[in-house]
Every structure is written in C-alpha cells, then in structure tokens.
Amino acid sequence: ETGVTQSPTHLIKTRGQQVTLRCSSQSGHNTVSWYQQALGQGPQFIFQYYREEENGRGNFPPRFSGLQFPNYSSELNVNALELDDSALYLCASSLALQNIQYFGAGTRLSVL
Amino acid sequence: GIQVEQSPPDLILQEGANSTLRCNFSDSVNNLQWFHQNPWGQLINLFYIPSGTKQNGRLSATTVATERYSLLYISSSQTTDSGVYFCAGTVLGGTSYGKLTFGQGTILTVHP
C-alpha cells in the first residue's frame, strides 16, 4: 500500500508566475485536502476535494484553485504568485469526508 | 471557526524525561488527531483519538471531549522524539466536513 506522495519536493518561482503542485492519494482514498503551512505556523486548510468536486474551502483567494482526477489524485494551482505564498504545501488523503487524514511529505515553495 | 490552543509552545527535555502536551479546543470537535512533524516537514500520524485513551509504545493520548481538551504523554523521551507536535480536529456538525483546524504546535527538543 503506497502512502500519499507529492511532487515536486521543492520549487522556486518568481512573483507573478503560476505553479502547479501534484498529489497522489493513498490507495483506496477518495478525498484529498490541501493545506498551506507558513514558517513557524500550523497548517491552514485551503480546500478539499471529494469525488472530483470541491467540498469546502478555507480563507484563500480564488487564485488558489484545484482539481481532482478520476483516480483521486489532485492538483493545486496558484496563479499570480505573491511573496507570501512561500510556504510548505501539504496534501492529505482520507477514505471518506471525515475520516483520518494522512499527509504527504509536502512541497516547499519559495517565491522570489 | 474553532480555535485550537496548544501548550507549552516550547519544551526542552533531557533524554529519559517524561512530558505532557496539551491541546484545548474552543468548541466541540471530532476527528481529533495528534501529529509529529519531522525535520523534513512530513506530518506523521500519532493518534486518532476523538475520545478516550490510547497507547502506542512510549506515547499515549487522552481526549476528554466533554471538556474540549486532549493530552499527549511522552514517556522516557529520546532524541528522535524532537520536532513539532500538532493537534488538530474538525468541527462537530460543521459544513466544512474535512477541514482540520490545527494548533500552533509544541516544539519539543530532547537533549542527549
């Protein structure tokens, strides 16, 4: 059984660019959630996808968007990058909407 | 949204010492989880404990749901226990079903 995998592990972008982060959910899991963790803070919920539909969103602007694919993998897209978008982005998968969430190792994004 | 308060914010121990980490919630939560974040950023699941007591080796956790708090006990600490410990939960009856709200974490440092 494979765990949650994220790619890439590290990424450097410049302000104004766009970025796509990827997440493969744990085998059998149908729900994916994305979190942003700034340095020294706890993770903050961005949004969740269940059966390819967005199911709940945190306090993030529309330039943060996502997709979930039929195999339950997911993408997080961020447009018009800002310096404050520099953070660790974590993906978590779970079997149903409220069950235990398992996290990937994250993508560390630096915006210069 | 709910507030999650973790204490203490920092904890420094000698190897072999015991410790207790606390997590208070401003509202009733379910799906309460404890995590250990390793130096590379990955969140490792320690316990899923919406109520009651669980033990796993040197670690144990207790959640008193009616009083909205949870405790994580670490006995005979080892240097490998160092890192950041987070608690998180979802709001009972909320509409953002899978939104885990995290505390700010407890930074644990264990010296040899």
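Keep in mind that what you see is a predicted model, and the values were worked out from it rather than measured. Residue numbers begin at 1 in each chain, while the letters A, B, ... track the order of the sequences.
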Hydrophobic cluster membership, with links at side-chain heavy-atom distances under 4.5 Å among I/L/V/M/F/W/Y: are [X] and [Y] in one?
{"X": "A:Leu67", "Y": "A:Leu11", "answer": "no"}
{"X": "B:Ile107", "Y": "B:Phe86", "answer": "yes"}
{"X": "B:Leu59", "Y": "B:Leu13", "answer": "yes"}

Side-chain ([X]) to main-chain ([Y]) donor-acceptor, under 3.5 angstrom:
{"X": "B:Asn45", "Y": "A:Tyr102", "value": "no"}
{"X": "A:Tyr35", "Y": "B:Leu100", "value": "yes"}
{"X": "B:Gln33", "Y": "A:Ile100", "value": "no"}

- Within residues 103-112 of chain A, which positions have a heavy-atom distance to chain B below 4.5 Å? A:Phe103, A:Gly104, A:Ala105, A:Arg108
- Task: Can you sort out the partners of A:Phe64 under ring pair (Phe, Tyr, Trp, His ring centres under 6.0 Å), two or more places apart, ordered by chain and number?
- Result: A:Phe60
Within a radius of less than 6.0 Å around [atom1] of [X], do more than 12 heavy atoms belonging to other residues, nucleotides or ligands occur?
{"X": "B:Glu15", "atom1": "CD", "value": "yes"}
{"X": "A:Asn59", "atom1": "CG", "value": "no"}
{"X": "A:Tyr72", "atom1": "OH", "value": "no"}
{"X": "B:Arg58", "atom1": "CZ", "value": "yes"}
{"X": "A:Arg63", "atom1": "CZ", "value": "yes"}

Inter-residue atom distance [X].[atom1] - [Y].[atom2], 0.5 Å rounding:
{"X": "B:Gln37", "Y": "A:Gln37", "atom1": "CD", "atom2": "CD", "value": "4.0 Å"}
{"X": "B:Phe102", "Y": "A:Leu90", "atom1": "CZ", "atom2": "CG", "value": "7.5 Å"}
{"X": "B:Lys99", "Y": "A:Gln44", "atom1": "NZ", "atom2": "CD", "value": "8.0 Å"}

- Query: Most heavy-atom pairs under 4.5 angstrom with chain A, which of B:Thr101, B:Leu43, B:Val4, B:Ile44?
  - Reply: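 Result: the option with the highest number of such pairs is B:Leu43.
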